[in-house]
Asker: 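What follows is a structure written as structure tokens; I'll ask about it next.
Residues: numbered from 1 along the sequence shown. We count ligands from 1, going down the list as the structure has it; atoms in each ligand are counted the same way. Hydrogens, waters and symmetry mates are skipped; everything else that's a heavy atom, side chains included, is used. These numbers come from a predicted model, not from an experiment.
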Amino acid sequence: MTRHDLVVIGAGPGGYVAALRAAQLGLDVACIEKEPQLGGTCGRVGCIPSKALLESSDLYWEAKTRFGTHGVKLPSVGLDLAQMLRRKDEIVAGLGQGVAGLFKKNKVTRYLGLGRLLGPGSVSVAGPQGELRLEAKHVILATGSISAPLPGVELESGPDARVGTSTEALAWPSVPEHLVVIGAGVIGLELGSVWARLGARVSVLEYLDRILPGMDADLAREAQRVLAKQGLEFHLGSRVTGARSAPGGRAVVEVQGREPVDCDRVLLAVGRAPNTQGLGLAEAGVAQDRRGSVLVDERFATNVAGVYAIGDLIRGPMLAHKAEEEGIACVEGIVTGHGHVNYDAIPSVVYTAPEIASVGHSEEDLTAAGIPFRKGVFPFQANGRARALGHTEGRVKVLAHRDTDRVLGVHILGPRAGDLIAECAAAIEFGASSEDLARTCHAHPTLAEVVKEAALAVDGRALHI
Ligand code: FAD
Ligand code: NAD
């Protein structure tokens, strides 16, 4: 039996960041991860590989469709998919090694194997070394999430899988002829965009009458229009009831009230579910809600003494940076008694082209809550830098309280929206007013000037329109 101050189960962005922060604060920390590679879903089969493919496929698409408008002539543009996938794999491997290096530098002990909670302060690890027992005053559960199944959809795995999840769609060895995406959420739009840019026909089947539920409704509608122009076919109000592979390398997708759809690949992307497999929660008496999320209080403590949970395993948006903030706040709460996450200032980004980013409340939220607000909107079309880039689609929407002018939400559809939203998150975090944003000097010519102009528009004073 080995003793540590803190044992973290799971080395995704929540777990590994919690481990690093705890080590900085002087704890003797161990982290258990069942996969040989550190970094979690995000590093291995999520954020990072998907962004690598989004960047590569965007370059391919730009080279094929837009270089000519810049006066750049290429004899021909070809696709080397194997190289594109290799590059993605190298980035993933490099980041995993980076986390291993950070563990070493911060003296975090790493255990390879499946972690299991045995009770307060007691954990087992089953790995290549056999079964080990660890004792710790504090345990943080950070086992993340897995792709949610859909009844009737028969998932396969590996490169030949005709019906798969995002993990398979990040590694298909050839471009599908016809890809059916089930779910017009974040994964469906990002990976649908990748394969559409590389030449696949992509049909997106969505149960609701809109894409991206939860995002600003206006911008989601505009995003749908832009993505449809790029070739994504949207079928809203389509409830998928089944999908399976068919002879001859085909697959079939069943949709309520419609003819079955024939295709050669299916991506199931209808959400993710907390990953509690083999974690021993029931035996240890850890309370969960009906969806399987571990129940925690505001300090991330579960109902079992000394056991905490963070990230995708608990309530809230399933985002890497949210998991990281919770890991830090949880550890700081344990060591210093203070830890804090501002859930109103967590940005969310969809990495399509253009990107879609938001932070804070949407118009729909504010209206439903009866909070009075003023709105300022400014289009990228009227911005010099956007014109120079040749990316003028979309706009910025700033929402501020009608009486106090405090910024309550910002929603952006446009080039580099994911980078522009950082300023808006900082504004919300610091309790800024739209007047503060509007009076901040923004460099010219930059895309960020659209944020300033939208803030000016809250007071009806936008200049360049
Ligand atoms: P995870 O990253 O899931 O890590 C949990 C770790 O625990 C895993 O490594 C797992 O192997 C390990 N584990 C599980 N059970 C055990 C056990 N019993 N013992 C030992 N180890 C165990 N979010 C963003 O913010 N931006 C993005 O661009 C983005 N893109 C995404 C793209 C895709 C395709 C997917 C699937 C997700 C994406 N996400 C993105 C979501 C993001 O990956 C998650 O929100 C984030 O990884 C959650 O972090 P976590 O630490 O809670 O869990
Ligand atoms: P999601 O919740 O974003 O979208 C799922 C979609 O599937 C919804 O629109 C839903 O209405 C639809 N759906 C559900 N059942 C259906 C059915 N039977 N037929 C047709 N449509 C159906 O889920 P996701 O795209 O799988 O992503 C999972 C999580 O991963 C998200 O919570 C997201 O936070 C995270 N993620 C984030 C990023 C990012 O931050 N850029 C990228 C990828 C994933």
Side-chain angles (χ1 to χ4, degrees), residues 8-18 31-35 37-51 53-54 111-117 123-127 141-148 150-153 165-167 169-170 181-192 204-215 235-243 253 255-256 267-280 309-314 316-324 326-327 346-352 355-357 418:
V8 181
I9 308 183
Y16 88 73
V17 167
C31 184
I32 307 171
E33 170 57 57
K34 66 183 171 60
E35 300 289 335
Q37 176 146 6
L38 302 172
T41 302
C42 175
R44 272 194 331 267
V45 287
C47 326
I48 301 303
S50 59
K51 266 78 256 179
L53 290 185
L54 278 156
Y111 293 96
L112 172 62
L114 192 73
R116 185 178 180 82
L117 185 66
V123 170
S124 71
V125 192
L141 309 175
T143 53
S145 63
I146 49 172
S147 190
L150 186 67
V153 174
T165 67
S166 51
T167 301
L170 286 166
V181 176
I182 310 175
V186 196
I187 292 180
L189 297 190
E190 288 187 355
L191 294 181
V204 184
L205 307 180
E206 166 59 47
Y207 173 58
L208 299 174
D209 60 358
R210 57 164 293 176
I211 68 167
L212 293 173
M215 297 286 266
H235 302 272
L236 303 183
S238 298
R239 182 163 170 266
V240 172
T241 53
V253 180
V255 188
Q256 196 174 48
L267 163 59
L268 177 68
V270 294
R272 294 181 59 83
N275 181 9
T276 57
Q277 282 164 7
L279 195 53
I310 58 170
D312 282 10
L313 190 60
I314 65 170
M318 289 186 169
L319 296 171
H321 42 282
K322 176 256 191 191
E324 290 186 28
E326 289 179 342
I346 295 179
S348 150
V349 182
V350 187
Y351 297 84
T352 45
E355 294 177 348
I356 310 156

Asker: Look only at the side chain of Gln256 and the backbone of Arg239, and say whether a donor-acceptor pair between them is shorter than 3.5 Å.
Answerer: no
Asker: Going by heavy atoms, is Ser238 under 4.0 Å from ligand 2?
Answerer: yes
Asker: Where do Ile187 and Ala269 come nearest, in terms of heavy atoms and distance?
Answerer: CG2-CB, 3.8 Å
Asker: Backbone, side chain, both or neither: what part of Thr241 comes under 4.0 angstrom of ligand 2, heavy atoms only?
Answerer: neither
Asker: Output yes when a protein non-hydrogen atom is found under 4.0 Å of atom 43 (C) of ligand 2, and no otherwise.
Answerer: yes
Asker: Is there side-chain contact between Leu191 and Ser166, with at least one heavy-atom pair below 4.5 Å?
Answerer: yes
Asker: Polar-atom distance check: Val349 versus ligand 2, any N or O pair below 3.5 Å?
Answerer: yes
Asker: Among Ile310, Asp312, Leu313, exactly one meets side-chain contact (heavy atoms from CB on, under 4.5 Å) together with Glu326. Which residue is that?
Answerer: Ile310
Asker: Is it true that a side-chain atom of Glu206 and a backbone atom of Gly183 form a donor plus acceptor pair closer than 3.5 Å?
Answerer: no
Asker: Between Leu208 and ligand 2, is there a nitrogen or oxygen pair with a distance under 3.5 Å?
Answerer: no
Asker: State whether the shortest distance between N or O atoms of Arg272 and N or O atoms of ligand 2 falls below 3.5 angstrom.
Answerer: no
Asker: Tell me, please: is Pro213 in heavy-atom contact with ligand 2, that is, under 4.0 Å?
Answerer: yes
Asker: Without swapping roles, check the side chain of Arg210 against the backbone of Leu212 for a donor-acceptor pair under 3.5 Å.
Answerer: yes
Asker: Does an N or O anywhere in Val350 fall below 3.5 Å from an N or O of ligand 2?
Answerer: no
Asker: Is the backbone N or O of Asn275 less than 3.5 Å from a side-chain atom of Thr143, with the two atoms forming a donor-acceptor pair by type?
Answerer: yes
Asker: Consider every N or O of Glu206 and every N or O of ligand 2, then say whether any pair is closer than 3.5 Å.
Answerer: yes
Asker: Checking side-chain contact (heavy atoms from CB on, under 4.5 Å) between His321 and each of Pro347, Cys42, Ser348, Cys47, which is the one that passes?
Answerer: Pro347
Asker: Can any side-chain N or O of Arg272 pair as donor or acceptor with the backbone N or O of Met318 at less than 3.5 Å?
Answerer: no
Asker: Determine yes or no for a side-chain-to-main-chain donor-acceptor pair under 3.5 angstrom, with Glu33 supplying the side chain and Gly10 the backbone.
Answerer: no
Asker: Between Leu319 and ligand 2, is there a nitrogen or oxygen pair with a distance under 3.5 Å?
Answerer: no
Asker: Does any N or O atom in Ile182 lie less than 3.5 angstrom from one in ligand 2, N or O only?
Answerer: no
Asker: Taking the side chain from Lys322 and the backbone from Gly311, do they hold a donor-acceptor pair closer than 3.5 Å?
Answerer: yes
Asker: Collect the protein residues that have a non-hydrogen atom under 4.0 Å from ligand 1 and hand them over in chain and number order.
Answerer: Ile9, Gly10, Ala11, Gly12, Pro13, Gly14, Gly15, Ile32, Glu33, Lys34, Glu35, Gly40, Thr41, Cys42, Arg44, Val45, Gly46, Cys47, Ser50, Lys51, Gly113, Leu114, Gly115, Ala142, Thr143, Gly144, Ser145, Ser166, Ile187, Arg272, Asn275, Leu279, Gly311, Asp312, Met318, Leu319, Ala320, His321, Ala323, Tyr351
Asker: Which residue supplies the protein heavy atom nearest to atom 32 (O) of ligand 2, what is that atom called, and how far is it?
Answerer: Met318 CB, 3.8 Å
Asker: What residue among Val350, Ile356, Leu189, Val204 forms side-chain contact (heavy atoms from CB on, under 4.5 Å) with Ile211?
Answerer: Leu189
Asker: I'd like to check whether Arg239 has a polar contact with ligand 2, where a contact means an N/O of the residue lying under 3.5 Å from an N/O of the ligand.
Answerer: no
